[in-house]
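Numbers restart at 1 for each chain; the letters A, B, ... are given by sequence-line order, proteins then strands.
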Amino acid sequence: MTEPAQKAAEPQPAPVDAAKIQAILKSNQGARMRMWLSICSRCGLCAQSCLFYLAKDQDPKLSPAYKVRASLGRLIRSRGRLSRAELEEVKEVAWGQCTMCRRCTMFCPFGIDIATMIGVARACCNSQGVLPDGLAAAKKNIQESGNQMAMSTEDWIETCEWMAEEYAEETKGVVIPVDKKGAKYMYTVNPREPMYYPQDLGMMAQILTVAGEDWTVPSSGWDCTNLAMFAADAAVAAIPVRNMYQAAQELGVEQILMTECGHAYRSGAFEGPYWLGLPGGKPPVPVKHAVQLFWEYIVRDGRIKIDPAKRLKEPVTIQDPCNQSRNGGLQTMLRELVHALCEDFRDMNPNREYNHCCGGGGGFIPMGSDYKRRRMESGRIKAEQIKATGAKVVIASCHNCFDQINDLNKEYELGVKVVSFKDLIVESMVIPPELVPPPEEEADAAGEDSAQETPDQGGA
Amino acid sequence: MNQLYDFLSGPGAWIAFGVFLVGLALRAAFLVGISRFADKVFWNHADAGWGLRSIGHWLLPLGSRSLRGQPIFGAVVFLFHLCLLGVPVFLLAHNILLEENLGFSFWAMPEALSDWLTVLALACGLFLLVRRLARPEVRILTTAWDYFLLLLTLAPFATGFLAYHQWGDYDLIMVLHLLSAEVLLVVIPFSKLAHVVLFFFSRFFIGSEMGARRQEDGRLGARVW
């Protein structure tokens with residue numbers, strides 16, 4: 001098709017449905033929102049909290065209160081009667097200038113949940129199909145396949161089997177049970193893992209085997225991530241959470257276990273019950289984050305022992321993923337775990353629930369490459385924090401933080417290595433003798449390999 | 001002038017206080033009412049410990065990390081509010097009026113003290129005004145209404161000070177004093193100044209939500225102060 005014909009064939013985007021936007025605004029006019037919209041005193045204290053504001057030399061247009069004015073405020077004042085181009089401007093504020101990390105909430109004298117207000121602006125834009133491409137694609141995948149990367153169930157199970165085989169060579173008995181009824185934990189992952197980093201799956205299987213845990217993965221409902229949450233699409237966000245809860249209930253497991261992911265925890269443990277209208281705001285099956293599991297194994301119960309000789313000697317710092325520390329409550333467990341695994345821990349400043357967002361988390365990276373420049377700019381704050389610690393290793397127990405800090409490492413030449421807890425634990429855990437693969441098998445395997453290799457080299 | 005003064009010191013005062021008290025009460029009741037079905041997240045996770053600590057830390061001048069980041073502002077806001085609440089309630093002149101008209105009164109502070117506290121309130125107010133003009137991240141948020149509210153809040157103090165010292169046209173100053181105070185009282189329930197009551201609700205909520213909701217079997221909530 002020639003270009004002009006192609007352009008003519010593309011459907012024209014529908015006009016903005018102001019009534020729909022109004023409906024979303026109305027449905028978000030509960031007591032909290034009304035109160036917040038009315039009592040903001042324009043004091044400007046929120047500005048100092050925000051990485052975007054700080055990184056851009058304190059540009060007042062990047063203060064959280066201003067961003068609310070420019071997004072939600074604009075939608076309210078115009079009663080949703082904005083053109084598509086104007087909605088695109090709102091999109092640039094609501095998604096391009098905010099990671100919904102909620103640090104601003106901590107700095108407001110009234111405790112106004114500014115990030116949540118940005119979320120409502122996002123919901124309005126999303127209702128008109130105005131949202132970052134990466135999130136739109138993820139939403140489509142979720143709706144069509146139940147997971148954000150449209151990975152088929154067959155591929156998922158195959159990957160589990162493959163990783164179990166690989167890691168059974170490291171630790172005897174590594175198996176990834178699928179759909180085992182009545183297990184203690186149902187393990188859910190970030191689809192990034194089976195798709196691109198399957199070794200993550202294998203390492204977790206290895207750790208759970210060493211701990212002698214009773215666990216399983218579900219054949220469906222295995223994706224704990226929720227990019228639809230970052231798109232503020234409550235209807236689509238309910239899908240992966242519902243799948244996950246249902247799988248857990250059908251299998252009759254005690255708890256849902258989640259990989260080292262940030263926003264998955266926020267979605268599954270805190271927000272999910274509200275999208276599904278569950279009473280009490282609690283998940284039907286308790287949700288546990290991998291960090292808490294590791295803490296229980298290593299720090300609390302001593303179920304997995306760490307070889308003191310293998311504890312990391314290099315200076316280490318940790319990222320407090322927003323959805324694990326500030327919005328998750330895991331900040332102290334993170335630190336106790338680090339002390340167990342590392343000898344020289346240097347905390348960032350500020351830290352714990354006051355730590356800065358890395359700039360890439362929550363779903364910012366999946367928004368797409370056109371947002372990379374922005375997160376490299378806002379991430380300068382995190383880069384400076386890391387530099388100031390003098391650490392050579394950064395532990396990032398969240399996939400988005402992991403990728404972002406890797407990118408920051410290149411951009412700002414930090415000279416650090418980024419690892420997850422699984423990486424460290426697998427390197428330093430003591431594998432019980434009964435689980436160490438016997439050496440004869442290794443020698444036999446080696447012999448087989450060399451026999452296969454020699455035919456070409458036999459002549460010399 | 002006399003008629004205006006009689007109205008403002010009589011029915012006007014009743015209306016102003018009535019609107020102030022009833023307005024705030026109704027607004028709070030309305031919000032609590034709709035929160036029952038629109039803000040379940042509050043009722044599910046409300047926690048007195050976290051809620052009260054959230055309020056308490058922010059009532060102190062530098063009790064929060066945020067205010068410690070701008071300590072002069074923090075101190076000024078604290079003093080400003082102390083004077084705002086303390087001076088009108090414990091002023092000798094007001095208490096004499098209360099005693100004469102309603103038969104009860106509060107403790108009355110020495111007039112020298114209330115005089116200095118009034119000056120302090122005005123100085124704090126001036127600081128806030130200058131800050132609003134000087135700091136870019138505050139200026140960009142500020143509208144005419146914000147400037148008006150600040151000046152309206154300071155007007156009763158300025159006019160009260162002038163009246164007490166009997167500087168200028170006493171009758172006019174007194175009318176302005178009553179008028180500005182009554183307009184202020186009437187505006188409070190319908191503006192951001194309603195934070196006089198709503199501060200406690202919003203702080204209690206966020207303390208519970210970020211703290212109690214995140215706290216469970218080994219996890220620790222986020223301290224929003």
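- Only the side chain of B/Phe30 comes within contact range of chain A, with at least one heavy atom under 4.5 Å from a heavy atom of that chain.
- Neither the backbone nor the side chain of B/Trp43 has a heavy atom closer than 4.5 Å to any heavy atom of chain A.
- Panel note: side chain A/Thr259, backbone A/Cys261; no donor-acceptor pair is recorded below 3.5 Å.
- Both the backbone and the side chain of A/Phe270 have a heavy atom closer than 4.5 Å to some heavy atom of chain B.
- Interface remark: of the candidates A/Gly329, A/Cys108, A/Ser38, A/Gly329 forms the most heavy-atom pairs closer than 4.5 Å to chain B.
- Residue B/Ser54 does not touch chain A at all, counting heavy-atom pairs closer than 4.5 Å.
- When atom types are taken as modelled, the side chain of A/Tyr245 and the backbone of A/Gly272 share no donor-acceptor pair closer than 3.5 angstrom.
- Using a 4.5 Å cut-off between heavy atoms, B/Phe205 touches chain A through its side chain atoms alone.
- Within the 4.5 angstrom heavy-atom criterion, no atom of B/Phe190 approaches chain A.
- Counting heavy-atom pairs under 4.5 Å between each of B/Gly69, B/Ser202, B/Gly33 and chain A puts B/Ser202 at the top.
- For chain A, no part of B/Arg36 is nearby; none of its heavy atoms comes within less than 4.5 Å.
- Contact annotation for A/Cys46: neither backbone nor side-chain heavy atoms come within less than 4.5 Å of a heavy atom of chain B.
- Taking chain A as the reference chain and counting heavy-atom pairs below 4.5 Å, the highest number among B/Val224, B/Leu220, B/Val138 is found for B/Leu220.
- There is no contact between B/Arg135 and chain A, counting heavy-atom distances below 4.5 Å.
- With respect to chain A, the highest number of heavy-atom pairs below 4.5 Å among B/Ile55, B/Ile140, B/Leu31, B/Ile34 belongs to B/Ile140.
- Looking at A/Gln29, the atoms closer than 4.5 Å to chain B (heavy atoms on both sides) all sit in the backbone: N, CA, C or O.
- Contact of B/Arg131 with chain A is made through the side chain alone, with heavy-atom distances under 4.5 Å.
- Here the side chain of A/Arg69 pairs a donor or acceptor atom with the backbone of B/Leu141 at under 3.5 angstrom.
- Most heavy-atom pairs under 4.5 Å with chain A, from the set B/Lys40, B/Arg213, B/Gln215: that is B/Arg213.
- Two residues are said to be in side-chain contact when any heavy atoms from C-beta on lie closer than 4.5 Å; A/Gln48 and B/Glu137 fail this criterion.
- Between B/Trp107 and B/Phe90, the angle of the ring planes lies from 30° to 60°, which puts this pair in the tilted group.
- Taking each heavy atom of A/Pro350 and A/Gln385 in turn, the nearest pair found is O-NE2, 3.1 Å.
- Counting heavy-atom pairs under 4.5 Å between each of B/Arg214, B/Arg139, B/His195 and chain A puts B/Arg214 at the top.
- For A/Ser41, the parts lying near chain B are the backbone and the side chain together; criterion is any non-hydrogen pair under 4.5 Å.
- A distance-only check finds a donor-acceptor pair linking the side chain of B/Asp47 to the backbone of B/Gly49 [under 3.5 Å].
- A side-chain donor-acceptor contact under 3.5 Å links B/Asn95 to the backbone of B/Phe106.
- Note on A/Arg303 versus A/Glu213: salt bridge recorded, some NZ/NE/NH1/NH2 to OD/OE distance being below 4.0 Å.
- Proximity to chain B (any heavy atom under 4.5 Å) is shown, for A/Arg326, by both the backbone and the side chain.
- B/His57 and B/Trp225 have parallel rings, their planes meeting at less than 30° on a 0 to 90° scale where 60° marks the start of perpendicular.
- Only the side chain of A/Arg352 comes within contact range of chain B, with at least one heavy atom under 4.5 Å from a heavy atom of that chain.
- In this structure, chain B has heavy atoms under 4.5 Å from both the backbone and the side chain of A/Ala65.
- Remark: side-chain polar atoms of A/Asn327 are paired, donor with acceptor, to backbone N or O of A/Cys101 under 3.5 angstrom.
- The minimum heavy-atom distance linking A/Arg266 with A/Met100 is given by the pair NH1-O, 3.1 Å.
- Between chain B and the residues A/Phe107, A/Trp295, A/Trp36, the most heavy-atom pairs under 4.5 angstrom are made by A/Phe107.
- By number of non-hydrogen pairs under 4.5 angstrom with chain A, the leading residue of B/Arg65, B/Met210, B/Glu209, B/Glu216 is B/Arg65.
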For B/Leu8 and B/Glu182, run side chain to side chain contact (heavy atoms under 4.5 Å, CB included): C-alpha distance rounded to whole Å, both residues' side-chain angles, the deciding distance at 0.1 Å, then the answer. CA-CA 8 Å; B/Leu8 290 173; B/Glu182 287 168 27; 3.3 Å; yes

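- Without hydrogens or angle criteria, A/Gln292 side chain to A/Leu257 main chain gives no donor-acceptor distance under 3.5 Å.
- Both the backbone and the side chain of A/Lys61 come within less than 4.5 Å of a heavy atom of chain B.
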